[in-house]
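The basis for the numbers below is simple: all heavy atoms, side chains too, and nothing from hydrogens, waters or symmetry mates. Indexing begins at 1, ligand by ligand and atom by atom, following the structure's order.
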Amino acid sequence: MEKIAITNKKQTKEDILRQSLLKERGQIPEHVAIIMDGNGRWAKERGKMRIQGHKAGVDSVRDSIEACAQLGVGHLTLYAFSTENWRRPKTEVSALMKLLIQTLRKETINLNKNDIRLNAIGELERLPSICLNELKEGMEMTKDNQRMVITLALSYSGRWDINNAVREIAQKFKSGEISADAINDDLIRKHLATAEIPDPDLLIRTGGDFRISNFLLWQCAYTEFFITNKYWPDFRRDQIYEAIEAYQTRERRFGMISEQLYEQQKTQAKATA
Ligand code: IPE
Ligand code: IPE
Ligand code: MG
């Protein structure tokens, strides 16, 4: 596979080794989702404006994308702006939108060169039109790329997502397209903004808060959580490795008991032997 170049740094031997150890040790999560939090506090501690924290966070995004693509993560979903974030001071919101436009302009070509697809979920119509256009262009340009899918959650909230799904399902019920009995997990999943994306295996939150802040509420039913005190601008691939290491030690029981998982593994091993 082609080398990945998102950051301008050459990958060190130590990093290549660390990644291959991670791959040997256990499973690499298919879908990693990140709540990128702590930009404001990072800036405040340095006597800077909050927007400086958001700007510094762009390097963390680049490094995370590169490391995840190298590891073979299939989906990386980044919570960049929540529905509730519209309630922030106007100056911060407009500075964030400006940063988003600039970053999209600069980075989409790079994503495309690296065979990475750009996707977005959320109430995108609320974004300034220049921003929405950049986003649409980026998604169109990268739509056939295969290596990894980056989904930006923008003007997104889990409740918005569920409201939409319920509304669409209600309309289909009203028109007689579906019966009430047809409503189940699978039908609801197909009406969410993430219909094309598997549920996250691993959710990372930076900034130290133990909450979901209206992120992928339905989708995180059985997601493994990893919370780090690092602020987003200080976050680098080392913390991704730490999170994946922690993930690899978790036993994902999905409501069952350990013995059942063990039996399942045995049967699978026999089938593939
Ligand atoms: C996360 O950082 C970025 C966005 C929500 C857009 P914050 O801006 O929430 O930073 P803190 O949590 O105030 O430190
Ligand atoms: C969550 O961070 C949203 C994003 C990272 C985009 P917030 O800073 O908005 O979350 P709360 O308000 O602390 O829960
Ligand atoms: Mg915050």
* **salt_bridge(Glu107, Arg62) N-O dist < 4.0 Å** => yes

* Asked: For ligand 1, is there an atom lying under 4.0 Å from some heavy atom of Ala43?
  -> no

* Asked: Among the heavy atoms of Arg50, does any lie under 4.0 Å from an atom of ligand 1?
  -> yes

* Verify whether one side chain among Gln11 and Gln19 offers a donor that lies under 3.5 Å from an acceptor in the other. => yes

* To do: Please confirm whether the backbone N or O of Glu123 pairs with a side-chain atom of Ser155, one donor and one acceptor, at under 3.5 Å?
  => yes

* Heavy atom of the protein closest to atom 9 (O) of ligand 2 (residue, atom name, distance) -> Asn85 ND2, 2.9 Å

* Does a donor on one side chain and an acceptor on the other come within less than 3.5 Å for Arg205 and Ser213? -> yes

* To do: Select one of side chain, backbone, both or neither to describe which atoms of Phe81 lie under 4.0 Å from any atom of ligand 2, heavy atoms only.
  => backbone

* Please state which protein non-hydrogen atom is closest to atom 12 (O) of ligand 2 and give its distance, to 0.1 Å? -> Arg211 NH2, 4.6 Å

* To do: Report, in ascending order of atom number, the atoms of ligand 1 lying under 4.0 Å from any heavy atom of Arg41.
  => 11 (P), 12 (O), 14 (O)

* To do: Answer yes if a protein heavy atom lies under 4.0 Å from atom 14 (O) of ligand 2, otherwise answer no.
  => yes

* **Residue list, side chain to side chain donor-acceptor pair (under 3.5 Å) with Ser82, at least two apart or on another chain** => Asn85

* Do Arg41 and Asp37 sit within salt-bridge range, that is, some charged N less than 4.0 Å from a carboxylate O? -> yes

* Is Gly38 near ligand 1, meaning one of its heavy atoms is under 4.0 Å from it? -> yes

* Is it the side chain (CB and beyond), the backbone, both or neither of Arg88 that lies under 4.0 Å from ligand 1, heavy atoms counted? -> side chain

* **Side-chain ion pair, Lys190 and Asp186, N-O less than 4.0 Å** => yes

* Consider every N or O of Asp37 and every N or O of ligand 2, then say whether any pair is closer than 3.5 Å. => yes

* Going by the order shown, which atoms of ligand 2 are within less than 4.0 Å of some heavy atom of Ile35? -> 1 (C), 5 (C)

* To do: With heavy atoms under 4.0 Å as the rule, classify the contact between Arg205 and ligand 2 as side chain, backbone, both or neither.
  => side chain

* Structure fact -> For Ala80, the atoms of ligand 1 under 4.0 Å from one of its heavy atoms are 6 (C)

* **Mode of His54 contact toward ligand 1 - side chain, backbone, both, neither (heavy atoms, under 4.0 Å)** => side chain

* Asked: Per the side-chain hydrogen bond (donor to acceptor under 3.5 Å, both in side chains) rule, which among Arg236, Gln239, Arg237 passes with Asp63?
  -> Arg237

* Polar side-chain atom of Asn114 near backbone of Asn110 as donor-acceptor pair, under 3.5 Å -> yes

* Asked: Thinking salt bridges, do Arg87 and Glu92 make one under a 4.0 Å N-O criterion?
  -> no

* Atom indices of ligand 2 within 4.0 angstrom of Ser213 heavy atoms, with elements -> 1 (C), 10 (O), 11 (P), 14 (O)

* To do: Give a yes-or-no answer on whether the side chains of Asp234 and Trp42 include a donor-acceptor pair shorter than 3.5 Å.
  => yes

* Asked: Side chains of Thr77 and His31: do they bring a donor and an acceptor to under 3.5 Å?
  -> yes

* Which part of Ala153 is near ligand 2, with near meaning a heavy atom under 4.0 Å away: side chain, backbone, both or neither? -> neither

* Asked: Taking atom types as modelled and ignoring hydrogens, do the side chains of Ser258 and Glu251 form a donor-acceptor contact shorter than 3.5 angstrom?
  -> yes

* Structure fact -> closest protein heavy atom to atom 1 (C) of ligand 1 is Met36 O, 3.0 Å

* To do: Check the angle between the aromatic planes of Tyr156 and Tyr79 and answer parallel, tilted or perpendicular using the 30° and 60° thresholds.
  => perpendicular

* **Check: His191 and Asn164 side chains under 4.5 Å, non-hydrogen atoms** => no

* Using modelled atom types only, decide if a donor and an acceptor are shared between the side chain of Asn214 and the backbone of Arg159 within a distance under 3.5 Å. => yes

* **N/O separation below 3.5 Å, Asp209 to ligand 2** => no

* Select the closest option to atom 10 (O) of ligand 1 among Gly57, Gly40, Pro233, judged by heavy-atom distance. => Gly40

* Distance filter under 2.8 Å, centred on the Mg ion (ligand 3) - protein N, O or S atoms that pass it -> Asp37 OD1

* Can you tell which part of Ser82 has a heavy atom less than 4.0 Å from ligand 1: side chain, backbone, both or neither? -> neither

